[in-house]
Amino acid sequence: MLSTIATAAWSSPTIDYHALAPEMILGAGIVVLLLLDLFLSDSRKWLLTPVASFTLLGAFIPVLTLALSNSGTRQMFDGRYVIDDFSLVMKGMFLLSGYVVVLLAADYIREGDYYQGEFWFLMLSSLMGMVMMASSRDLISIFVALEFLSIPAYMLAAWRKRDSRSNEAGIKYYLLGVFASAIMLYGMSLLYGISNSTKLTEIGASLGSDVTSLRALAVFFVVIGFAFKISAVPFHTWAPDTYQGAPTPVTAFLSVASKAAGFVALVTVVYVGFPGSHAVWQPVFWILSAATMTLGNVMALKQTSIIRMLAYSSIAQGGFILMPLAVAGETGVAESALRAVVTYLIVYAATNLGVFAVVTVVARKTRSGEISSYGGLFSYAPGIATLMTIFMASLAGIPPLGGWFGKFAAFQSLVSAGTTWAYVLAIIGGVNSVVAFGYYGSILREMWMRPVPDGDTSPVPVKSSLAVALGITGIATLLLGVLPGIVIHFGDLAGLAGAFGR
Amino acid sequence: MEVISNHNWALTVGTFLPLVGVLVMLFIPKAEEVLIKSVAIATAIATLAVGIYTMVQFDFGNAGSMQFVAQHDWISVIKSSYYIGIDGISLPLYLLSMVITVLVMIYSWDHVPSPGNPKAFFILMLILQTGMAGTFIARDLILFFVFFELVLLPMYFMIGVWGGENRQYASLKFFLYTMFGSALMLVAFLALFFKTGAESFSIPFLIEQGMNISRTTQIWIFAGMFVGFAVKVPMFPFHTWLPDAHTQAPTQGSVILAAVLLKLGTYGFVRIAIPVLPEAAKAWAPYIGGLAVIGIIYGSFGCLAQTDMKRLIAFSSVAHMGFVMLGISTLTSFGMNAAMFGMVAHGLITGMLFFVAGSVKERYHTLEIKRISGMLLQMPKLGWILGFCAMASLGLPGLAGFWGEFPAILSAYQPAPGLSVNVFRTYMVIAAIGTVFAAGYLLWMFQRIAFGEPTAEFAAGHGHDEDIHDVNKFEWIAWTPLLIAIVVFGVYPQLMFKVLDPAVGVTLKAFGG
């Protein structure tokens, strides 16, 4: 084997620099950050924050130009790295989410006297992994991207190193993450054994549509591996502890960007790698989806800490995002299911980041993470309370806020499948979206209808970076709900399923 | 159906103008209460002016066709468009929502309920107005759904923040019931969309295609819509949120809820469920009629058992909406006309009753019927207004309530072809008995509250003289239009029937009636 590689004629692959520009800008930014961190004195370390945010915005520019250039799908490395509408939409989402997280983290990191340079370095590295994930169409590059985005995230979760909760967060996340990687790798090795290739399209061709126990096992293991990443029940146990222990901006990052990356990988693998094996993955997704939204909701109802409640809420939302995948293999549903997942992820990112921005702002004043600390917020901070109302209503899926369209798209693909199982899942989802209002509504109730717990009604200070974050997410949440067409028009997702080379 | 699109900006402006007012109000500091109230009322009046302009320009000779139609791309990927229009069925309700909002706001000038904060209170009312008006003009299911849901949160906050003692429970109950209904309704809408070839959410298109769906499927889709709309109406047995919501809501919330929000449900039946799914409507009609008469009798008994005036009015709503649903369930033009008239009449009368209840509460600080007595001696004007509304509500001929109730009962004598005559005649008898109960509970309430001597607690010189005063300026301004309308529509019902009738005819085309 080695000898054949050594003797084969080597030709360098053609590189499409325009297509790789986002990754290259990110890479350059990461290096600049590291170097600056070495040479800047402590009092000027704050300069690293603008460098990080400009790197992210800079990387977003080529994503835009690529999207506008309308040159169709670009492929590199023998079709193992693909820049299509799907990957561009997701890259844009990762970069913008990253930008909002920088806004959330800016003051937190500066005031906490933490290692600023390292923080931004790790965060951008993790984002780099996500951006790569969106384009990867090969088992190896998917695995590398996954580790690239995960390993920095383990460290970020344990960032407050003298806090035992933060340590617990990091360790739990790390151990379960590695465990999941191992399961996935096992599945991938089986896939390679079956198809003799690591390229997803070739795996798809070789798997075909007949299901043997070996093939089913391979598909099953890979799906389960990603189920950890998206914290689907019963593989969710790390999420509440990790979310609670990690610094709040990191939690925002994990619950939005990292989760979305898991979904991107899952969708890519399933759509490109196992399109024919839907008999295996559809029931798995059905069960995961029903269990995830139900258990997430039920657990969220009981929480008194806002972060833990948001952790379970994020798990439950994951269940809703999984819904369309449970029918994605039915004839004619693939496209609408994919569109539903992408739409939901984008809406969820805007809304959930907004929630975390509010949580950060409020926690700076009340110094509490309890839901009861939101009591009477509307009476002394009506602006923030109104924004929080918008975000909560969006998460609950109430029109005309963003969340409703995500849920609508998910329900739409279920009903379009038209099978009994699809209808049953739709009804489970419907009931769950009512149940979910139980805890989203409890925040609204605290803010609007309860007295201020400690009687402190001094105004809530909002740092300028947080104000920008609130503005971006608030406007996005509203706009996505009123004119949902804009997300969908951004990437012409009609050709998306086809762009996977099917 | 003929479509007329003159002045197609009018509906859009009329619907979204309140939101412009909201935007302006956001920038006014909370302390400037007078300015805030003025801007809000000015916005509502401007909105009403656009509404009246719409009515003036409305081609009454063509009341059966959609007018002021506008259609633009909205969410093209799911084939939903911004498609609006108004016909004889929508127009009265569209205007009713605007009139009620203006009057409620004027009433609120010096009646902002505790804990105050007029800025938020008026903003919520304006958002409600947009949602209500939008629902009545939407010609696209998804647009309808969005407007239908838009009223949820403002009403939730209105009850939950400005309501009575049990407000949090009541607001949550209201919200969860409605949301559960909406979830099923949305699934039904989607099923309808796919069963008609996944081409469009536009209601006229669905009316054309809906009859091609197989009967069994129609029945299932209708079931989903039924739950969504029936919760909103509310029909027995989905009504349990209503007494709580009404009792706990502030006066303004009760008035808007009774006068307009309940109509979103019945309007949904008339506009969507029945014309789109005619076969299912026929299959469901006997059951709807049955639940409607159960609602009439159950609501009446509920009323007789109440000790709280507001709760009594709330239960009377259940009974009155029963008459409306009975009229709808006959699937005849006669019954549907009666139902539409009943919706508007109920809006005027019950809205007025809740206004009076609010003012009674403000004066006596209680709505316990047995603690209040002799109102005619203490506050003759308020007492007689209450008497007038009670008469209107029980269906006294010559007042608006009569024209909603009596024809609805009569229509059950001869339901649409294909429906069992015996069943509906039984319903007719039961409903007629219901009117007797209605007279009973309303007159009994009036008698206990208004007649006799004031109770010792509230007699002169017991510390309540300050609060107990007759109808004030703002109440007169807010109430006079409603009182006049109750008389005008009572004496000359043709005014509304001639607008409704052509549109009802178009709606019932599939039933040959």
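So that the names make sense, note that chain A is the first sequence line, chain B the second, and so on, each numbered from 1.
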*Apply side chain to side chain contact (heavy atoms under 4.5 Å, CB included) to A:Y380 and A:V460, showing your working.*
CA-CA 8 Å; A:Y380 62 92; A:V460 178; 3.7 Å; yes

*Between B:D140 and B:S202, do the side chains contain an N or O donor and an N or O acceptor separated by less than 3.5 Å?*
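No pair is found: no donor N or O on one side chain lies under 3.5 Å from an acceptor on the other.
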
*Any idea which of B:F148, B:F175, B:Y82 has the most non-hydrogen atom pairs under 4.5 angstrom with chain A?*
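When all of B:F148, B:F175, B:Y82 are compared, B:F175 has the most.
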
*Heavy-atom pairs under 4.5 Å with chain A are the metric here; pick the option from B:Y156, B:F157, B:F147 that has the most.*
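Heavy-atom pair counts peak at B:F157.
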
_Would you compute the distance between atom NZ of B:K79 and atom CZ of B:F193 and round it to the nearest 0.5 angstrom?_
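If we round to the nearest 0.5 Å, B:K79:NZ and B:F193:CZ are 5.5 Å apart.
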
*From CH2 (B:W162) to OG1 (B:T251), nearest 0.5 Å*: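 Going from the CH2 atom of B:W162 to the OG1 atom of B:T251 covers 14.0 Å.
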
*Tell me, for A:S336 versus chain B, whether the close heavy atoms (under 4.5 Å) come from the side chain, the backbone, both or neither.*
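Answer is neither: A:S336 stays 4.5 Å or more from chain B.
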
*Answer with side chain, backbone, both or neither: which region of A:V435 has an atom nearer than 4.5 Å to a non-hydrogen atom of chain B?*
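Neither part.
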
*Using the benzene-type ring in the case of Trp, are the ring centres of B:F136 and B:Y267 under 6.0 Å apart?*
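Centroid separation for B:F136 and B:Y267: below 6.0 Å.
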
With a 4.5 angstrom heavy-atom cut-off, is it the side chain or the backbone of [X] that approaches chain A, or both, or neither?
{"X": "B:L172", "result": "side chain"}
{"X": "B:L150", "result": "both"}
{"X": "B:K119", "result": "neither"}
{"X": "B:L186", "result": "side chain"}
{"X": "B:S182", "result": "neither"}

*Measure across A:A326 and A:L425 and return the closest heavy-atom pair with its distance rounded to 0.1 Å.*
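Scanning both residues completely, I find the closest heavy atoms to be CB-CD2, 3.7 Å.
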
*Does NZ or CZ of A:K407 come closer than 6.0 Å to the centre of the six-membered ring of A:F320, within 45° of the ring's axis?*
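Satisfied, under 6.0 Å and within 45°.
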
*In terms of heavy-atom pairs under 4.5 Å with chain B, which of A:F378, A:Y423, A:F408 leads?*
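Looking at each option in turn, the highest pair count goes to A:F408.
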
